[in-house]
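What follows is a short report on a single structure.
Just the heavy atoms: all of them, side chains too, but no hydrogens, waters or symmetry mates, feed the values below.
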Amino acid sequence: MGFSNIMDSNSYSPDQPLDPAIESLIAARDRMLGPAYRLFYERPVHLVRGEGTRLYDADGTCYLDAYNNVASVGHCHPHVVEAVSRQLATLNTHTRYLHRGIVDYSERLLATMPDAIDQVMYACTGSEVNDLALRVAEMHTGAKGVIITTDAYHGNTAAVTAISPSIGGSTALGAHVRAVAPPDSYRIPAADLAARFAADVIAAIEDLGASGAGVSALIVDTIFSSDGIYPDPSVLAPAVAAVRAAGGVFIADEVQPGFGRTGEAMWGFLRHGVVPDLVTTGKPMGNGLPIAAMAARSEVLEAFARGVPYFNTFGGNPVTMAAAAAVLDVIEDEKLMSNADNVGTMLHTELSALARDHPRIGDVRGAGLYLGVEMITATGESDRAGAKAVVNAMREQRVLISVCGRDGNVLKVRPPLVFSESDVDWFCTAFTEVLRSSQ
């Protein structure tokens with residue numbers, strides 16, 4: 001089975017004995033689902049309940065969730081649960097019938113974006129809306145070429161697998177795709193980041209032109225999460241300008257940094273001071289329900305919208321619209337963007353202090369409640385094995401995190417937006433113990 005960076009850098013492999021009940025459940029899962037699926041951790045966690053930042057396993061053990069942006073406003077948030085339950089008990093159908101919820105929500109969603117982004121379409125997953133965005137870009141530009149980063153992940157349809165090198169295994173980049181190095185702020189001086197990234201994008205534009213594909217789009221996750229979490233906000237504007245000069249569009253994949261995750265802004269692209277042509281979002285939008293959106297400049301969307309009748313049976317249905325509206329309510333009412341900024345700064349400060357005393361931590365970086373901790377060897381090389389050991393040791397401390405990056409050596413800390421000061425204390429206490437034990 002081929003290695004997948006995004007799937008296998010932190011995954012279970014059946015090379016150690018587990019509790020018989022867990023082994024039985026894993027065996028049944030493998031038998032029914034086949035080998036493509038993966039489980040987290042050397043000792044998988046059997047979860048049965050969640051509340052806020054807490055998850056509980058089948059034995060009642062409590063874990064701190066420092067990883068999930070799916071339940072973005074906290075597991076089983078009562079306002080979301082109530083809104084979904086009420087709508088589910090009233091009506092659930094599709095978008096070929098009129099319903100008020102999709103109109104009201106669309107107005108609220110677009111109000112969080114620049115005025116130039118004025119229309120929105122719905123699907124169920126980030127994969128679907130990224131697929132849709134590629135189709136829209138191609139019809140608008142008349143070109144096929146797509147520029148991505150070297151360890152990007154944008155989903156799992158055929159079209160977006162071709163622009164998701166971090167999936168690995170037997171997948172391959174499309175012939176119309178060019179990958180550029182991410183703006184690696186750990187290895188590249190800050191003064192050179194924007195120019196280096198723009199130069200690489202320009203080289204990709206020229207290569208696509210020479211190939212006959214032309215330039216359809218630059219698509220990036222605006223915190224470069226699967227590449228290793230690179231939050232520098234100076235890097236995108238020159239690259240976007242180069243793509244537009246070549247006739248292409250900019251697609252901001254906001255599944256990871258969107259909905260207040262970075263603390264500084266509702267959307268990651270706003271930190272960079274750029275206005276995308278297309279914006280995609282997914283997981284955090286419905287706090288776990290399958291709802292995703294592609295927002296667009298209407299002039300970019302026009303060729304597709306007039307040429308292709310679009311229908312998604314479940315995209316934008318009343319129940320998921322109720323969930324999405326409730327998520328916006330919670331973000332606003334509980335001031336979760338400010339919480340992400342304040343608590344994220346606290347966590348960043350605490351982790352940076354720990355790093356000063358631990359030579360195996362090369363860097364701590366991030367924005368809001370999206371942090372990366374770069375683990376290195378004694379000689380300064382990327383430490384994939386060390387990062388995996390830390391992730392599994394944290395799991396034994398009942399704190400759930402994962403990894404990302406080209407070498408799988410960056411600890412990924414991405415908790416629900418309701419993460420609190422006491423959660424920071426729990427996290428840092430566990431992390432301190434794991435670091436002490438690893439010395």
- Side-chain contact, heavy-atom cut-off 4.5 Å: Val418 with Leu336? yes
- Item | Centroid separation Phe40 to Tyr67 less than 6.0 Å | yes
- Contacts satisfying salt bridge (charged side-chain N to carboxylate O under 4.0 Å, His left out) that involve residues 309-326 (not counting sequence neighbours) are none
- Task: Take Thr161 and Thr157 through the side-chain contact (heavy atoms from CB on, under 4.5 Å) test and state the conclusion after the steps.
- Result: CA-CA 6 Å; Thr161 293; Thr157 69; 5.9 Å; no
- Item | Leu417 and Met337: CA distance, side-chain angles, deciding distance, side-chain contact (heavy atoms from CB on, under 4.5 Å) verdict | CA-CA 8 Å; Leu417 297 178; Met337 200 159 74; over 6 Å; no
- State, without any angle test, whether Asp65 and Thr53 hold a side-chain donor-acceptor pair at a distance under 3.5 Å. no
- Could you go through the side chain to side chain donor-acceptor pair (under 3.5 Å) check for Asn342 and Asn339 one step at a time? CA-CA 5 Å; Asn342 296 333; Asn339 188 69; over 6 Å; no
- Task: Please identify each residue that fulfils salt bridge (charged side-chain N to carboxylate O under 4.0 Å, His left out) with Arg244, with sequence neighbours left out.
- Result: Asp277
- For the residue pair Glu42 and Tyr12, confirm or rule out a side-chain donor-acceptor distance under 3.5 Å. no
- Contacts of type side-chain hydrogen bond (donor to acceptor under 3.5 Å, both in side chains), residue Asp207, not counting sequence neighbours: Arg178
- For the residue pair Ala378 and Arg360, what are the closest heavy atoms and their distance? N-NE, 3.8 Å
- Taking only residues at least two apart or on different chains, which pairs with a member in residues 212-238 satisfy salt bridge (charged side-chain N to carboxylate O under 4.0 Å, His left out)? none
Hey, can you pull the donor-acceptor pairs under 3.5 Å for the side chains in residues 189-203, sequence neighbours left out?
none

- Output every pair passing salt bridge (charged side-chain N to carboxylate O under 4.0 Å, His left out) with a member in residues 140-163, not counting sequence neighbours, ordered by first then second residue. Glu138-Lys144
- Residue pair Asp423 / Pro415, side-chain heavy-atom distance below 4.5 Å: no
- Message: So that I can tick it off, tell me whether Arg187 and Glu374 are bridged by a salt bridge, with the cut-off set at under 4.0 angstrom between side-chain N and carboxylate O.
- Response: yes
- Task: Classify the angle between the aromatic ring planes of Phe431 and Phe427 as parallel (below 30°), tilted (30 to 60°) or perpendicular (above 60°).
- Result: tilted
- CA sep, side-chain torsions, deciding dist, call: Ser72, Asn69, side chain to side chain donor-acceptor pair (under 3.5 Å): CA-CA 5 Å; Ser72 60; Asn69 75 326; over 6 Å; no
- Message: Would the distance check show the side chain of Thr141 and the main-chain N or O of Ala143 forming a donor-acceptor pair, the cut-off being under 3.5 Å?
- Response: yes
- Message: Can a donor-acceptor pair be found, under 3.5 Å and without considering hydrogens, that links the side chain of His94 to the backbone of Arg96?
- Response: yes
- Note on the structure: Heavy atoms of Gly258 and Trp267 approach each other most closely as CA-CE3, 3.7 Å
- Task: Kindly give the heavy-atom pair with the smallest separation between Leu109 and Tyr122, and that separation in Å.
- Result: CD2-OH, 4.3 Å
- Could you pull out all residues at least two apart from Thr377 that satisfy side-chain contact (heavy atoms from CB on, under 4.5 Å)? Thr379, Glu381, Asp383
- Query: Are the side chain of Asn317 and the backbone of Phe314 linked by a donor-acceptor contact shorter than 3.5 Å?
  - Reply: yes
- What residues, two or more places apart in sequence or in another chain, satisfy salt bridge (charged side-chain N to carboxylate O under 4.0 Å, His left out) together with Arg43? Glu396
List the atom pairs, donor and acceptor, that lie under 3.5 Å between side-chain atoms in residues 245-253 and the rest of the protein, sequence neighbours left out.
unit_1: Asp253; atom_1: OD1; unit_2: Val255; atom_2: N; d: 3.1
unit_1: Asp253; atom_1: OD2; unit_2: Asn130; atom_2: ND2; d: 3.0
unit_1: Asp253; atom_1: OD2; unit_2: His154; atom_2: ND1; d: 2.8

- Hey, could you give me the CZ/CD1 distance between Phe269 and Ile223, rounded to the nearest 0.5 Å? 14.5 Å
- Message: Going by the rule salt bridge (charged side-chain N to carboxylate O under 4.0 Å, His left out), which residues pair with Arg271 if we only count those two or more places apart in sequence or in a different chain?
- Response: Glu264
- Query: For Glu206, which residues count as a side-chain hydrogen bond (donor to acceptor under 3.5 Å, both in side chains) partner, sequence neighbours excluded?
  - Reply: none
- Sorted by chain and number, sequence neighbours left out, side-chain hydrogen bond (donor to acceptor under 3.5 Å, both in side chains) with Glu332 holds for Arg108
- Keeping the roles fixed (side chain from His140, backbone from Phe304), state whether a donor-acceptor pair exists under 3.5 Å. no
- Is there side-chain contact between Glu334 and Val73, with at least one heavy-atom pair below 4.5 Å? no
- Shortest non-hydrogen separation from Cys428 to Glu350 and the atoms involved: SG-CB, 3.5 Å
- Is the number of heavy atoms from other residues, nucleotides or ligands under 6.0 Å of Glu299 CD greater than 12? yes
- Task: Over all heavy atoms of both residues, which pair between Thr281 and Val129 is shortest? Give the atoms and the distance, please.
- Result: O-CG2, 3.7 Å
- Find out whether Val220 and Ile148 are in side-chain contact, i.e. whether some heavy atom of one side chain is under 4.5 Å from a heavy atom of the other. no
- Going through the distances and angles, do Asn92 and Gln87 end up as a side chain to side chain donor-acceptor pair (under 3.5 Å)? CA-CA 7 Å; Asn92 197 28; Gln87 185 61 54; over 6 Å; no
- side chain to side chain donor-acceptor pair (under 3.5 Å) between His79 and Asp329, worked out: CA-CA 8 Å; His79 182 65; Asp329 292 343; 2.8 Å; yes
- Task: Decide yes or no for Ile229 and Cys404: does some side-chain heavy atom of the first lie under 4.5 Å from some side-chain heavy atom of the second?
- Result: yes
- Note on the structure: Smallest heavy-atom separation, Leu301 atom then Ala296 atom, equals CB-CB, 4.0 Å
